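Read the structure below first, then the notes.
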Amino acid sequence: MALATGTVAERVAALRERVDDVSVAAGRAAGSVAILAVTKKHPREAVLQALGAGLADIGENYVQEAREKYVDLPPCTRHFIGHVQTNKAKAVAGLFDVVQSVDRLDAGLALAKASRDAGRRLRVLVQVNVSPSERFGAAPREAPGLAARLRDEGLDVDGVMAIGPLDGDVDGAFARARETFEQVGGTTLSLGMSGDWERAVRYGSTMIRIGTAIFGPRPAKERNAA
Ligand SMILES: *Cc1c(COP(=O)(O)O)cnc(C)c1O
């Protein structure tokens, strides 16, 4: 991963170009991979900079941060990528357009109820666990059944999100993510972060989730916070 230099707009432009190059080299169309700007632990200004740089998708891991930052934003799609706590389902359904991290039935049911109560149809992805270093995520073999059940509940299940392993068998993990996406159906395979997005694009990712390569390093202690 190249060290982030320049302004956010310059980094986004350079990243967009590289993503298109890697896509084309993998036999895919330029522009077929969306860049989701992950702004966790960065200020609201970072969100505005990402949108100003032409990105349409932004993501947060924590409800409280989104409450502070997702105020009066220009048009964009807001993605929740953190662990879904059932007691926060109503807040999540109210603050976000897409919930990428539905990894179990009770979280999905709580989101389905919250979105029914709000009179809207929430778009979600099933988070699949393809890595021994990852705590959350449905087992790949359970994902198609979970997706079917959530569709019955009225959620718009649009694909799969997965987090790659910190080390070890990245290819195996990404191959499992793609295979599960094919079984679940939908249009979005959310796969790849600053350190592994090139490989994710080669495995068919349609959305890479990028924080560090756009905004630089986060302040310490963000990992594993609830
Ligand atoms: C923080 C985070 C990212 C972005 O990670 P970077 O390595 O900074 O690009 C992507 N996806 C999820 C689920 C995250 O929590």
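Throughout, residue positions are numbered sequentially from 1 according to the sequence presented. Computed from a prediction, not measured in an experiment: that's the story for all the values here.
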Can you see whether S190 engages Q100 through a side-chain donor-acceptor pair at a distance of less than 3.5 angstrom?
yes

To the nearest 0.5 angstrom, please state how far the CG atom of N61 sits from the OG atom of S101.
8.0 Å

Sole residue of L36, L55, V98, I58 in side chain to side chain contact (heavy atoms under 4.5 Å, CB included) with T77:
V98

Crowded around E68 CD? As in, over 12 foreign heavy atoms under 6.0 Å?
yes

Is there side-chain contact between L191 and I208, with at least one heavy-atom pair below 4.5 Å?
no

Measure the CE-CG distance between M207 and D57 for me, rounded to the nearest 0.5 Å.
4.0 Å

Any side-chain heavy-atom pair from S205 and W197 closer than 4.5 angstrom?
no

Answer whether the closest heavy-atom distance between the side chains of H83 and D103 falls below 4.5 Å.
yes

Pair H79, D97: side-chain N/O donor-acceptor within cut-off below 3.5 Å:
no

Using a strict 4.0 Å threshold on nitrogen-to-oxygen distance, state whether R18 and E198 make a salt bridge.
yes

Test the K41-Y62 pair against the cation-pi criterion, namely NZ or CZ under 6.0 angstrom from the six-membered ring centroid and within 45° of the ring axis.
yes

Nearest 0.5 Å please: distance from the CZ atom of R176 over to the CZ atom of R141.
12.0 Å

Pick from K69, K40, R209: which one makes a salt bridge (Lys or Arg N to Asp or Glu O under 4.0 Å) with E60?
K69

Do Q127 and I163 touch side chain to side chain, with heavy atoms closer than 4.5 Å?
yes

Heavy-atom side-chain proximity of I35 to I210 below 4.5 angstrom:
yes

Atom OG1 in T86, atom CG in L105: separation rounded to 0.5 Å?
11.5 Å

How many angstroms lie between atom OG1 of T7 and atom CD1 of I214, to the nearest 0.5 angstrom?
11.5 Å

Is there a side-chain contact between M161 and V99, using heavy atoms and a 4.5 Å cut-off?
no

Determine the interplanar angle of the F215 and H42 rings, folded into 0 to 90°, and report it as parallel if under 30°, tilted if 30 to 60°, perpendicular if over 60°.
tilted

Answer whether the closest heavy-atom distance between the side chains of L51 and Q49 falls below 4.5 Å.
no

Can you list the steps and then say if E142 with R104 is a salt bridge (charged side-chain N to carboxylate O under 4.0 Å, His left out)?
CA-CA 9 Å; E142 290 168 0; R104 62 199 196 284; over 6 Å; no

Scan residues 156-167 for pairs that pass side-chain hydrogen bond (donor to acceptor under 3.5 Å, both in side chains), counting only residues two or more places apart or in two chains.
D158-T187, D158-T188

